[in-house]
Amino acid sequence: MIVGGGIAGLTTAYELGKAGYDCTILEARSRTGGRNFTVRGGDSIIDTYGNQQTAHFSDRQYMNAGPARIPQPMVTLDYCREVDVPIKVFTNVNAHAYIFNEEAGTKAPVRYRTAKADVYGYVAELLPKANDMGARPSGHRGGPGATPGVPQGLR
């Protein structure tokens, strides 16, 4: 008897099954997977308040509503390969995506790549100004004009 049909329960049943044990998984939900949940068109769920939600996706569209990714060093990827679960590349950053944060003073959506370039530009502009004002990183040794990482005798 295994309580829970999440990734740990399913893996336990799989390994025990390979060792010759006959397992029964008890799961409270109508589906297995625990937090791992892929929503496809037509899938319905009822939340804890009794509200039903149904996904109205086109064919071949889906949304991974569970964990966003499988970390590379995890043994989970080995199981995916062992049972032929197709793996897709997960992109953490999309430079073409729009970002918008009204609370931060953003007036309109901006492409991620543009915002990143702007930040680099602002920092590049501020560094010489801070240096001219005598600002030094914590633990910096040397007086004005000192070159970090270059021994005194080589300057």
Side-chain angles (χ1 to χ4, degrees), residues 4-12 14-15 27-155:
I7 194 72
L10 294 171
T11 302
T12 301
Y14 177 70
E15 288 296 331
E27 172 55 49
R29 297 182 188 178
S30 61
R31 62 170 185 82
T32 58
R35 291 185 331 127
N36 297 293
F37 182 35
T38 301
V39 182
R40 291 184 166 76
D43 286 351
S44 280
I45 61 165
I46 298 175
D47 67 20
T48 54
Y49 300 107
N51 302 311
Q52 182 170 350
Q53 295 183 22
T54 302
H56 299 285
F57 297 147
S58 300
D59 288 343
R60 297 176 44 203
Q61 283 189 323
Y62 63 91
M63 178 183 86
N64 284 324
R69 64 184 179 87
I70 303 171
Q72 289 295 324
M74 300 299 289
V75 71
T76 308
L77 284 175
D78 295 332
Y79 282 114
C80 290
R81 289 182 199 98
E82 189 171 325
V83 297
D84 293 325
V85 172
I87 303 296
K88 291 189 175 186
V89 174
F90 179 81
T91 305
N92 282 321
V93 177
N94 177 355
H96 201 59
Y98 283 103
I99 58 174
F100 180 70
N101 185 347
E102 212 167 14
E103 292 176 15
T106 309
K107 304 276 190 258
V110 178
R111 296 270 186 204
Y112 176 83
R113 72 169 51 86
T114 302
K116 183 177 177 182
D118 287 349
V119 168
Y120 286 169
Y122 299 146
V123 171
E125 178 185 353
L126 291 173
L127 282 174
K129 290 178 182 178
N131 190 49
D132 290 346
M133 292 172 49
R136 298 284 184 261
S138 176
H140 178 76
R141 295 183 187 178
T147 308
V150 178
Q152 183 78 27
L154 297 178
R155 282 189 230 143

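Only this structure's heavy atoms are used, side chains among them; waters, hydrogens and symmetry mates stay out.
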Could you tell me which non-hydrogen atom of [X] sits nearest to which non-hydrogen atom of [Y], and how far apart they are?
X    : Y    : result
A115 : V110 : N-CG1, 4.0 Å
T38  : D43  : O-OD2, 3.6 Å
G33  : L10  : N-CD1, 4.1 Å
D47  : Y49  : OD1-N, 2.9 Å
E27  : G6   : OE1-N, 4.0 Å
R31  : N36  : NH1-O, 3.5 Å

Salt bridge (charged side-chain N to carboxylate O under 4.0 Å, His left out) pairs, two or more places apart, involving residues 113-127:
E125-K129
Distance in Å, [X] [atom1] paired with [Y] [atom2], rounded so as to fall on 0.5 Å steps:
X    : Y    : atom1 : atom2 : result
L126 : N131 : CG    : CG    : 12.5 Å
K107 : F100 : NZ    : CZ    : 9.5 Å
Y122 : L127 : OH    : CG    : 15.0 Å
R29  : I45  : CZ    : CD1   : 9.0 Å

Residue Q52 excluded, over 12 heavy atoms near CD under 6.0 Å:
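Yes - once you tally the heavy atoms of other residues, nucleotides and ligands closer than 6.0 Å, there are more than 12.
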With a 6.0 Å cut-off (strictly less than), is the heavy-atom count around OH of Y14, excluding the residue itself, greater than 12?
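Atom OH in Y14 is crowded, with more than 12 foreign heavy atoms closer than 6.0 Å.
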Y79/E15 under side-chain contact (heavy atoms from CB on, under 4.5 Å): CA gap, chis, key distance, verdict
CA-CA 10 Å; Y79 282 114; E15 288 296 331; 2.7 Å; yes
Just checking, any donor-acceptor pair under 3.5 angstrom between side chains of N101 and T106?
no
Test your reading of the model: is there a side-chain donor-acceptor pair from [X] to the backbone of [Y], 3.5 Å cut-off?
X    : Y   : result
T12  : A8  : yes
R111 : H96 : yes
T11  : I7  : yes

Residues in salt bridge (charged side-chain N to carboxylate O under 4.0 Å, His left out) with [X], at least two apart?
X    : result
R60  : none
E103 : none
E82  : K18

side-chain contact (heavy atoms from CB on, under 4.5 Å) between V93 and Y112, intermediate numbers included:
CA-CA 9 Å; V93 177; Y112 176 83; 3.5 Å; yes
Would you please name every residue forming a side chain to side chain contact (heavy atoms under 4.5 Å, CB included) with Q61, sequence neighbours left out?
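With sequence neighbours excluded, Q61 shows a side chain to side chain contact (heavy atoms under 4.5 Å, CB included) to F57, S58, given in chain and number order.
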Once side chain to side chain contact (heavy atoms under 4.5 Å, CB included) is applied, do any residues pair with D84, and if so which ones, sequence neighbours excluded?
none
